[in-house]
Protein chains: 2
Amino acid sequence: MKYTPFLNYIKNFVDLNEKEITFLRSYTNYKKYFKGQYIVKQGEVCNHTNFIISGCTENFYMDQKGQEHIVTFAIENWWSSDISSFITQKRSDFNVKCLEDTEVIQFTCQNQDEIFKNIPKMETLFRKLLEKALVSSQKRIVNNFSLSAKDQYIYFKNQYPNIEQRVPQYKVASYLGITKEFLSKIKAQLVKNKS
Amino acid sequence: MKYTPFLNYIKNFVDLNEKEITFLRSYTNYKKYFKGQYIVKQGEVCNHTNFIISGCTENFYMDQKGQEHIVTFAIENWWSSDISSFITQKRSDFNVKCLEDTEVIQFTCQNQDEIFKNIPKMETLFRKLLEKALVSSQKRIVNNFSLSAKDQYIYFKNQYPNIEQRVPQYKVASYLGITKEFLSKIKAQLVKNKS
DNA sequence: TTAAAAAAATAAACTAGATTAACAAATCAA
DNA sequence: TTGATTTGTTAATCTAGTTTATTTTTTTAA
């Protein structure tokens with residue numbers, strides 16, 4: 001069933017009994033988006049936290065000059081939302097867009113609170129997820145400061161080996177904060193040095 | 001008493017009864033560090049989360065070339081630790097050092113878990129703090145990508161108006177990921193354009 | 001199966017910010 | 001109250017990464 005990958009994922013962190021699982025299912029819902037569809041649009045409030053069952057999303061924003069900057073990618077077993085908009089319930093600064101057909105389990109804001117109230121283990125799970133997310137976000141800042149673009153690209157490839165094949169190269173460049181032209185140059189360099 | 005600022009801070013988020021406060025106090029402890037002292041050292045395990053009652057700390061790391069990069073500053077009513085080392089209990093990649101005499105309330109790893117078990121409201125508080133921290137970390141990544149060094153400096157001044165006066169300028173430059181010379185240039189420019 | 005659109009590569013000119021070096025001010029320790 | 005250390009400035013030169021422009025390759029849709 002649709003929920004299976006999600007329940008398996010949760011099992012990695014906490015054990016839920018039948019009653020809790022039933023509760024969790026009744027307070028979340030399954031949804032399918034198609035390639036190109038927006039889960040969240042810049043300027044609108046982000047109403048859901050999404051757990052990705054299958055597919056791939058990008059989280060990006062458009063700056064004043066009309067340039068897109070990709071903040072994160074997300075694939076199966078990851079979470080995807082604009083957490084800032086979700087927690088404050090204010091307009092989002094980001095877009096979340098599907099790069100493939102994408103199936104998700106959605107938590108609304110109110111339901112998430114209900115879930116936490118009724119299944120404290122779920123709040124523990126979310127706390128731990130947030131800790132991890134914060135660590136990797138800080139790691140990214142650190143890399144940004146201390147690695148050259150080339151080394152950041154290499155780090156990205158090691159860290160997220162599955163993503164590069166699934167998204168166009170210019171989006172990887174955007175994620176790295178460099179131009180597609182420069183990434184192209186870096187790749188040419190890497191190929192040359194290998195042979 | 002020493003704990004007052006900490007209890008006041010908590011009151012902004014959740015209400016604790018007398019029993020809970022007593023519990024919280026018995027599972028945390030007060031400590032004073034002096035200017036220049038390290039709270040955490042790169043290579044050692046970070047055993048505490050620290051709530052700052054007074055003072056100022058920097059969280060930085062040394063890269064392969066021996067260069068220091070400041071990741072965050074923290075002052076009164078902020079938290080300071082190497083969260084990555086704290087949650088994994090592995091060697092820290094960062095140093096936390098006092099830029100002023102600094103008083104903190106400390107949570108050890110085990111005690112934090114005990115506190116969460118006995119006062120679920122405290123876990124909610126930490127979840128919310130982590131959400132906020134993640135948002136501001138992501139915001140920093142975004143700024144890094146879309147703002148010039150000058151605009152990042154202006155953003156920093158607005159966001160953290162109290163910090164610039166308390167730390168040397170070259171540390172602000174390090175936080176911004178630019179050289180002290182370039183920050184000096186930026187400041188000269190800003191002064192000129194104002195007049 | 002083909003034409004149109006999207007993605008990637010290449011290269012020359014350019015710029016934000018780094019590096020180096022020398023000097024000036026401010027702070028601190030005795 | 002002075003000299004030593006820490007912090008900040010200025011300026012010339014240099015470089016990693018951008019911009020702009022053109023061409024090639026790949027993907028997509030009908």
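Residue numbers start from 1 in every chain, and the chains themselves are labelled A, B, ... in the order their sequence lines are given, proteins ahead of strands.
Picking from D:dT18, D:dT10, D:dT9 the nucleotide with the shortest atom distance to the side chain of B:Ala188 gives D:dT10. Considering only the side chain of A:Lys185, D:dT18 comes nearest among D:dT18, D:dG8, C:dA8. For B:Ser184, counting side-chain heavy atoms from C-beta on, the closest listed nucleotide (C:dG17, C:dA7, D:dT9) is D:dT9.
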Identify every side-chain donor-acceptor pair in residues 122-133 of chain A under 3.5 Å, counting partners at least two apart or on other chains, and give the distances.
from     : atom 1 : to       : atom 2 : distance (Å)
A:Glu123 : OE1    : B:Thr124 : OG1    : 2.9
A:Glu123 : OE2    : B:Thr124 : OG1    : 3.3
A:Glu123 : OE2    : B:Arg127 : NE     : 2.6
A:Glu123 : OE2    : B:Arg127 : NH2    : 3.0
A:Thr124 : OG1    : A:Pro120 : O      : 3.4
A:Thr124 : OG1    : B:Glu123 : OE1    : 2.9
A:Thr124 : OG1    : B:Glu123 : OE2    : 3.3
A:Arg127 : NE     : B:Glu123 : OE2    : 2.5
A:Arg127 : NH1    : A:Glu131 : OE2    : 3.0
A:Arg127 : NH2    : B:Glu123 : OE2    : 3.0

Let me have the donor-acceptor pairs involving side chains of residues 50-59 of chain B, under 3.5 Å, with sequence neighbours excluded, atom names and distances please.
from    : atom 1 : to       : atom 2 : distance (Å)
B:Asn50 : OD1    : B:Gln106 : NE2    : 2.9
B:Asn50 : ND2    : B:Ser80  : O      : 2.9
B:Ser54 : OG     : B:Glu103 : OE1    : 2.7
B:Thr57 : OG1    : B:Ser80  : OG     : 3.2
B:Glu58 : OE1    : B:Lys171 : NZ     : 3.1
B:Glu58 : OE2    : B:Lys171 : NZ     : 3.2
B:Asn59 : ND2    : B:Ser81  : O      : 3.2

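Going from atom NZ of A:Lys187 over to atom P of D:dT25 covers 16 Å, rounded to whole Å. The distance from atom NZ of B:Lys171 to atom P of D:dG8 is 10 Å, rounded to the nearest whole Å. Computed from coordinates, the A:Asn144 CG to C:dG17 C1' distance equals 15 Å when rounded to whole Å. Regarding A:Leu183, its CG atom lies at a distance of 12 Å from the C1' atom of C:dA7, rounded to whole Å. Rounded to whole angstrom, the span from the CZ atom of A:Phe145 across to the P atom of D:dG17 amounts to 14 Å. Note: CZ (A:Phe182) to C1' (C:dA11) measures 14 Å, nearest angstrom. For the pair B:Gln67 CD and C:dT19 C1', the computed distance is 10 Å after rounding to whole Å. Per the geometry, CD belonging to B:Gln189 stands 11 Å off C1' belonging to C:dA16, to the nearest Å.
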Between the protein and nucleotides 3-6 of chain C, which nitrogen or oxygen pairs are less than 3.5 angstrom apart?
none

Stepwise side chain to side chain contact (heavy atoms under 4.5 Å, CB included) test for A:Lys121 and A:Glu20
CA-CA 10 Å; A:Lys121 276 179 278 186; A:Glu20 288 168 333; 3.1 Å; yes

Assess whether side chain to side chain contact (heavy atoms under 4.5 Å, CB included) is satisfied between B:Cys98 and B:Phe34, documenting all intermediate values.
CA-CA 7 Å; B:Cys98 299; B:Phe34 293 99; over 6 Å; no

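Taking the six-membered ring where tryptophan is involved, the planes of A:Phe23 and A:Tyr27 are essentially parallel, since the angle between them stays under 30° and well short of 60°. Ring orientation note: the planes of A:Tyr9 and A:Trp79 are nearly perpendicular, at an angle over 60° on the 30°/60° scale. Using cut-offs of 30° and 60° for the angle between ring planes, the B:Phe145 and A:His69 rings count as parallel. Using cut-offs of 30° and 60° for the angle between ring planes, the A:Phe6 and A:Phe107 rings count as perpendicular.
Between B:Gln165 and B:Asn162, the closest heavy-atom pair is OE1-O, 3.6 Å. Heavy-atom minimum distance, A:Leu183 versus A:Ala173: CD2-N, 3.6 Å.
A:Ser136 is linked by a side-chain contact (heavy atoms from CB on, under 4.5 Å) to nothing, counting only residues two or more places apart in sequence or in another chain.
Side chains of B:Ser92 and B:Asp82: a donor-acceptor N/O pair is present below 3.5 angstrom, by distance only.
In this model, the phosphate group of C:dA9 is approached by a side-chain N or O of A:Gln169 to a distance below 4.0 Å at OP1 or OP2.
The stretch residues 174-181 of chain B touches DNA chain C through B:Gly177, B:Ile178, B:Thr179, B:Glu181, each having a heavy atom within less than 4.0 Å of the strand.
End-to-end axis angle for the helix from C:dT1-D:dA30 to C:dA30-D:dT1, using five pairs per end and rounding to 10°, comes out at 60°.
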